[in-house]
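Here is the structure we will look at.
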2 protein chains.
Amino acid sequence: MTGPAPRSPRRTEALSRERIVEATIELLDTAGETDLTVRALTAHLSTGRGAIYHHVTSKDDLLSAATDGVIGRMLTQIAADEDPERAIRALSLGIFNVIDAHPWAGRQLAREPWQPAVVQIWKGVGAQLTRLGITGSARSDAGSALVNYVLGAAAQYAAGARRAPDEAARQVYLETIAAEWAPDDLDPTPSFEHDDREQFLAGVDIFLAGITARR
Amino acid sequence: MTGPAPRSPRRTEALSRERIVEATIELLDTAGETDLTVRALTAHLSTGRGAIYHHVTSKDDLLSAATDGVIGRMLTQIAADEDPERAIRALSLGIFNVIDAHPWAGRQLAREPWQPAVVQIWKGVGAQLTRLGITGSARSDAGSALVNYVLGAAAQYAAGARRAPDEAARQVYLETIAAEWAPDDLDPTPSFEHDDREQFLAGVDIFLAGITARR
DNA sequence: ACCTGAACACCGTTCAAGT
DNA sequence: ACCTGAACACCGTTCAAGT
């Protein structure tokens, strides 16, 4: 008797939730959000259409999991900081950088408050606010202000980064905003050429100043 | 010879962009976002499928126009206030109330920065910040902070108001957040039973305090 | 248990043909 | 010019049948 026949190596890795989420992130980064279809995903994984529904409940579950993946990776990388204000800036900047690299995650974050990535962000913010000595309703007010700002900015910058399917609409937008915001502005460089990252962090600082002022 | 034959009154009103947008708002409010299809809309307007494409470029254009409709209606109703801080609170509360009545608008606002409703909000905020005596890059930083907060909060509250297609996920979310935020909280009423509207306005005040503190 | 892929029940958008 | 509705080119999800 010979040994067992070698397994036919149809796939390098067995199908699993992790493998599927990983492939989803790859596809979102390379092909974009509109081209992420279940069909494209199954082709990428060389499997059948309904196979992924053994590991994932829906396409929305897939988007949530992919977003949680890239946010979670970032959270493990930011260093613990003894200064809670610096820790809040680091967390916010980390989220901005994730959105910059993965615009689809920015759009997803603004969609469902109960998705894992958003819950992780709430936890991180809550912990730092506690370390700032903020308690009671002041803490939940501050937390919701910061989280909502970060998620709102994430979605807006992500949409901006997408460069618009309608480039003409984007131009009209930039010109309208510039006309409204520039007239009494003597600064020769219009505000909307400012670095998005700097403007985002300035918003975090406004928020931190507001919390300190009310403490 | 008799006079001209009476026109067959197939529709009460002729088809127009305004009529289509109006019907879209009605359908979004009654049937919900997922049930707003071009087919349902044409049935509601008793017209042909492609007819609406004579007045509207795409479904996205329709969502933007509907959102601009409900935001624009609100903007004409809020009174001009001589105190710019009070005007900012009134504008923010107006947006909150629109989202509360039309959750679909909250989700739409966070999607595209160049849509008319968002441009209108930028204009309103910019005008009040100027009246607060804020100029230059401080003004664009403050504007983007406030607008991004309002839009982020709008999207989150809108998703929360939708009560979740997945009620179980919503429960897990509320419990996780409560567990993270409640432990050192002596207040017997957990923060997440707080009135959303109050919490939203507290966030606006935090940003206003931050802007004032940095002036 | 895990996977397949045809089938189902839809979509948004276009366009030749009508009035 | 405006409108019609069949046709087009897709979707996400399910499920009987396989291994």
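The chains referred to below are lettered A, B, ... by the order of the sequence lines, with proteins before strands, and numbering in each begins at 1. Because the structure is predicted, anything quoted here is derived from the model rather than measured.
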How far, in whole Å, is C:dA9 from D:dA9 if one measures between their C1' atoms?
16 Å
Listed nucleotide nearest any side-chain atom of A:Arg49, set D:dG12, C:dG5, C:dT13:
C:dG5
Respond yes when some side-chain nitrogen or oxygen of A:His55 is under 4.0 Å from OP1 or OP2 of C:dC2, and no when none is.
no
Where do A:Ala158 and A:Ile99 come nearest, in terms of heavy atoms and distance?
CB-CG2, 3.7 Å
Do the side chains of A:Asp60 and A:Gln115 get nearer than 4.5 Å, heavy atoms only?
no
Could you state the CD-P distance from A:Glu33 to D:dC11, rounded to the nearest angstrom?
14 Å
First of A:Leu36 and A:Ala51 reached from the 5' end of DNA chain D, by closest nucleotide:
A:Leu36
Strictly below 4.0 Å, N to O, side chains only: are B:Glu33 and B:Arg111 in salt-bridge contact?
yes
Value in whole Å for how far the P atom of C:dT13 lies from CG of B:Leu62
9 Å
Between D:dG12, D:dT13, C:dC3, which one does the side chain of A:His54 approach most closely?
C:dC3
Watson-Crick/G-U partner (both atom distances under 3.5 Å) of D:dA17
none
Nearest-Å distance for atom pair CD1/C1', residues B:Ile20 and C:dG12:
15 Å
Which nucleotide in the list C:dC11, C:dA7, C:dC3 gets nearest to the side chain of A:Arg39?
C:dA7
Does the distance from a Lys or Arg side-chain N to an Asp or Glu carboxylate O, for B:Arg197 and B:Asp100, drop under 4.0 Å?
yes
Proximal nucleotide (of C:dT13, D:dT13, D:dC3) relative to the B:Tyr53 side chain:
C:dT13
Can you tell me the Watson-Crick or wobble partner of C:dC11, both distances under 3.5 angstrom?
none
Euclidean distance, atom CG of residue B:Asp61 to atom P of C:dG12 [Å, nearest integer]:
14 Å
Determine the Euclidean distance between corresponding C1' atoms of C:dC10 and D:dC8; express it in Å to zero decimal places.
14 Å
Between CG of B:Leu41 and C1' of C:dT13 the distance, given in whole Å, is 14 Å
Nucleotide paired to C:dC3 in any strand shown, Watson-Crick or G-U, under 3.5 Å:
none
Describe the nucleic acid contact of A:Thr42 in one word from base, sugar-phosphate, nothing, applying a heavy-atom distance below 4.0 Å.
nothing
Closest heavy-atom pair and its distance - B:Gln199, B:Tyr149:
O-OH, 3.9 Å
